[in-house]
K.L.:
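Structure in structure tokens, see below.
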Amino acid sequence: MAHNSTNNKQIFNKARVELHLHLDGAIKPETILYFGKKRGIRLPADTVEGLMSYIGYDEPRSLTRFLELFNYYMPAIAGDREALKRIAYELVQMKAREGIIYFEARYSPHLFANSNVIPIPWNQNPGDLTPDEVVHLINQGFQEGEKDFKIKARSILCCMRHMPEWSAEVVRLCKKYHNEGVVGIDLAGDESLNCGTKSGHCKAYEEAFKSGIHRTVHAGEVGPPSVVKEAVDVLKAERIGHGYHTIEDPCLYKRLLKLNIHFEVCPWSSYLTGACDPDLTKHPSIRFREDEANYSLNSDDPLIFKSTLNKDYYVASKYMGFTEDDFIKVNLNAASSCFLPDKEKEELLSTLYDAYGMVQSTVC
Ligand SMILES: [Zn+2]
């Protein structure tokens, strides 16, 4: 499919909100090269084009092969204080340029650390950067970015499905940094690894629920509806990352519509990871729109998918028939289901209503 020629054409030139975005999948290639060189860490190439030929792609491949790509560049960033602050700061700049006024970016604190983490990721040597300090540094980068680019950035901390041992620390950090911009918890990674009711993930989500920490879970992206069911019923997720395969279980889907569970849809990502039918005119978001489900459009990992949020809007417009009104609805959905405290959420919604020239009386 020839998507690239029109990649830069701006679709929906109004204020936007993005809820599903991975910090480690949204780094500038220039920054990876800079830190690779500075730290003497070998990368597969030393130019942006060369590096992108390894880590970016535009034709579908499996989710497992997608996950392997992080191995190429994460060693240049993980374990470095300056790099972490800088990628957070630059993400705010990137998103401000895309017309986004509020976003929530997610990451695993453990995957950026080289101390107090077993095993140490990315074949790093042991160091002194703990998951706790990772969160503090990224918060600082976001806060500096917010000041300079006048938009709002918050973060969600990820548990990793293959590492239930890390999850207690993840929820602890969510609580500790609640007032420093951390608004929720996520569960990411290989969906075929079930939680089990006594797993570290379940305990962490139970603690999050008790402590008023908001919850989202990657589920039903490539996995079956049962993973979505577990996310909602066991982990008490308020939002589902992707959730495309929910519609294969009509009973569950109906229940989730009633519960107003939010689906964080990532159209271009789902094409490239093979999560959905490669024919984008059959994408689950068309069904979500028809059923007036609560869902949003998001970019997921724009570094690897060589995209911006505009690419997702472009795909939705060209292949799924999304109109200006649909995009307005999608952004209002995102604002309504964001993890900000109520008062800030109301402010965000008001800003959007103003930007769209709408009267706010219908907000509930
Ligand atoms: Zn994701």
Side-chain angles (χ1 to χ4, degrees), residues 20-26 55 61-75 77-79 105-124 126 129-132 134-135 155-174 184-208 213 215-232 234-237 239-245 264 266 269-270 272-275 300-301 303-304:
H20 191 120
L21 172 69
H22 293 260
L23 174 62
D24 46 339
I55 63 180
R61 64 168 73 183
S62 74
L63 194 60
T64 316
R65 282 193 60 208
F66 155 77
L67 291 169
E68 284 165 10
L69 298 172
F70 291 84
N71 292 304
Y72 283 123
Y73 65 91
M74 281 297 275
I77 302 294
R106 59 188 73 192
Y107 61 94
S108 156
H110 295 82
L111 290 180
F112 281 128
N114 60 14
S115 170
N116 275 16
V117 52
I118 303 167
I120 297 177
W122 321 113
N123 289 321
Q124 294 177 92
L129 184 55
T130 62
D132 192 317
V134 164
V135 178
S155 47
I156 295 172
L157 304 184
C158 298
C159 303
M160 300 304 298
R161 283 199 188 260
H162 67 294
M163 291 307 302
E165 299 84 357
W166 292 350
S167 291
E169 173 80 344
V170 175
V171 73
R172 186 187 76 79
L173 295 174
C174 287
I185 193 166
D186 177 39
L187 176 57
D190 186 349
E191 275 184 70
S192 64
L193 303 167
N194 274 14
C195 285
T197 44
K198 286 197 178 76
S199 77
H201 304 314
C202 289
K203 283 184 196 151
Y205 269 74
E206 208 177 291
E207 181 63 26
I213 303 292
R215 301 155 311 278
T216 181
V217 171
H218 279 75
E221 179 181 12
V222 292
S226 58
V227 184
V228 180
K229 192 168 186 295
E230 179 184 68
V232 173
V234 181
L235 303 176
K236 300 197 167 58
R239 300 194 328 221
I240 296 294
H242 306 276
Y244 315 121
H245 294 277
E264 303 159 354
C266 310
S269 158
S270 70
L272 289 180
T273 59
D300 209 6
D301 296 282
L303 164 68
I304 294 171

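Remember, it's a predicted structure, so these values are computed and weren't measured experimentally. Side chains are part of it too, since the values below use all heavy atoms of this structure and drop only hydrogens, waters and symmetry mates.
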K.L.:
Would you find a donor on one side and an acceptor on the other, under 3.5 Å apart, between the side chain of R106 and the backbone of C158?
P.N.:
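Not a single qualifying donor-acceptor pair exists.
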
K.L.:
Can you check whether W122 reaches L111 side chain to side chain, under 4.5 Å on heavy atoms?
P.N.:
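They are in side-chain contact.
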
K.L.:
Looking only at heavy atoms, what is the nearest atom pair of A168 and V171, with distance?
P.N.:
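For A168 versus V171, the nearest heavy atoms are O-CG1, 3.3 Å.
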
K.L.:
Is there a side chain to side chain contact (heavy atoms under 4.5 Å, CB included) between L235 and C202? Walk through the geometry before answering.
P.N.:
CA-CA 6 Å; L235 303 176; C202 289; 4.0 Å; yes

K.L.:
Under 3.5 Å, is there a donor-acceptor pair between the side chain of D24 and the main chain of Y107?
P.N.:
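No, because the side chain of D24 does not come within donor-acceptor range (under 3.5 Å) of the backbone of Y107.
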
K.L.:
Kindly assign one of parallel, tilted or perpendicular to the pair H162 and W166, based on the angle between their ring planes and the thresholds 30° and 60°.
P.N.:
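Taking W166 first and then H162, their aromatic rings stand perpendicular (interplane angle over 60°).
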
K.L.:
Does CZ belonging to R61 count more than 12 external heavy atoms closer than 6.0 Å?
P.N.:
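More than 12 within 6.0 Å, yes.
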
K.L.:
Could you tell me whether R172 and E169 make a salt bridge, using a distance below 4.0 angstrom between a side-chain N and a carboxylate O?
P.N.:
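Yes, this pair counts.
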
K.L.:
Are any side-chain N or O atoms of H201 and backbone N or O atoms of R161, one a donor and one an acceptor, separated by less than 3.5 Å?
P.N.:
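Yes; judged by distance alone, with no hydrogens or angles, the pair exists.
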
K.L.:
Within the distance-only criterion (no hydrogens, no angle test), does the side chain of E191 pair as donor or acceptor with the backbone N or O of G220 below 3.5 angstrom?
P.N.:
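Judged by distance alone, yes, a pair lies under 3.5 Å.
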
K.L.:
Would a distance-only check, ignoring hydrogens and angles, find a side-chain to backbone donor-acceptor pair under 3.5 Å from H245 to A275?
P.N.:
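Answer holds: yes.
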
K.L.:
Of all heavy-atom pairs between A219 and I240, which one has the smallest distance, and what is that distance?
P.N.:
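Reported closest heavy-atom pair: O-CG2, 3.4 Å.
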
K.L.:
Could you tell me whether the side chain of Y205 and the main chain of T216 form a donor-acceptor pair under 3.5 Å?
P.N.:
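Side chain of Y205 to backbone of T216: a pair is present.
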
K.L.:
The test is side chain to side chain contact (heavy atoms under 4.5 Å, CB included); show your working for I77 and F70 and say whether it passes.
P.N.:
CA-CA 11 Å; I77 302 294; F70 291 84; over 6 Å; no

K.L.:
Nearest heavy-atom pair of A204 and S167: which atoms, and what distance?
P.N.:
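So the two residues come closest at CB-O, 3.5 Å.
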
K.L.:
Under a 4.5 Å cut-off applied to non-hydrogen side-chain atoms, are D132 and N116 in contact?
P.N.:
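D132 does not reach N116 side chain to side chain.
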
K.L.:
Taking atom CG of D190 and atom CD of E221, what is their separation to the nearest 0.5 Å?
P.N.:
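With rounding to 0.5 Å, CG (D190) is 10.5 Å from CD (E221).
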
K.L.:
Shortest non-hydrogen contact from C174 to L157?
P.N.:
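Smallest heavy-atom distance, with atoms named: N-CD1, 3.8 Å.
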
K.L.:
Which pair of non-hydrogen atoms, one from S115 and one from P131, has the smallest distance, and what is that distance?
P.N.:
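The pair with the smallest heavy-atom distance is O-CD, 3.2 Å.
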
K.L.:
Looking at every heavy atom in both I120 and P126, which two are closest together, and how far apart are they?
P.N.:
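Taking I120 first and P126 second, the nearest heavy atoms are CD1-CA, 3.6 Å.
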
K.L.:
Under a 4.5 Å cut-off applied to non-hydrogen side-chain atoms, are N123 and P75 in contact?
P.N.:
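No. Closest side-chain heavy atoms not under 4.5 Å.
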
K.L.:
Could you check if a side-chain atom of L129 sits within less than 4.5 angstrom of a side-chain atom of Q124, using non-hydrogen atoms only?
P.N.:
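No - every pair of side-chain heavy atoms lies 4.5 Å or more apart.
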
K.L.:
Drop me the distance from T130's OG1 to L173's CG, to the nearest 0.5 angstrom.
P.N.:
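Between T130 OG1 and L173 CG, I get 8.0 Å after rounding to 0.5 Å.
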
K.L.:
Side chain to side chain contact (heavy atoms under 4.5 Å, CB included) between H110 and V134: does it pass, once the steps are laid out?
P.N.:
CA-CA 8 Å; H110 295 82; V134 164; over 6 Å; no

K.L.:
Test I156 against R239 for side chain to side chain contact (heavy atoms under 4.5 Å, CB included), laying out the working first.
P.N.:
CA-CA 12 Å; I156 295 172; R239 300 194 328 221; 3.6 Å; yes

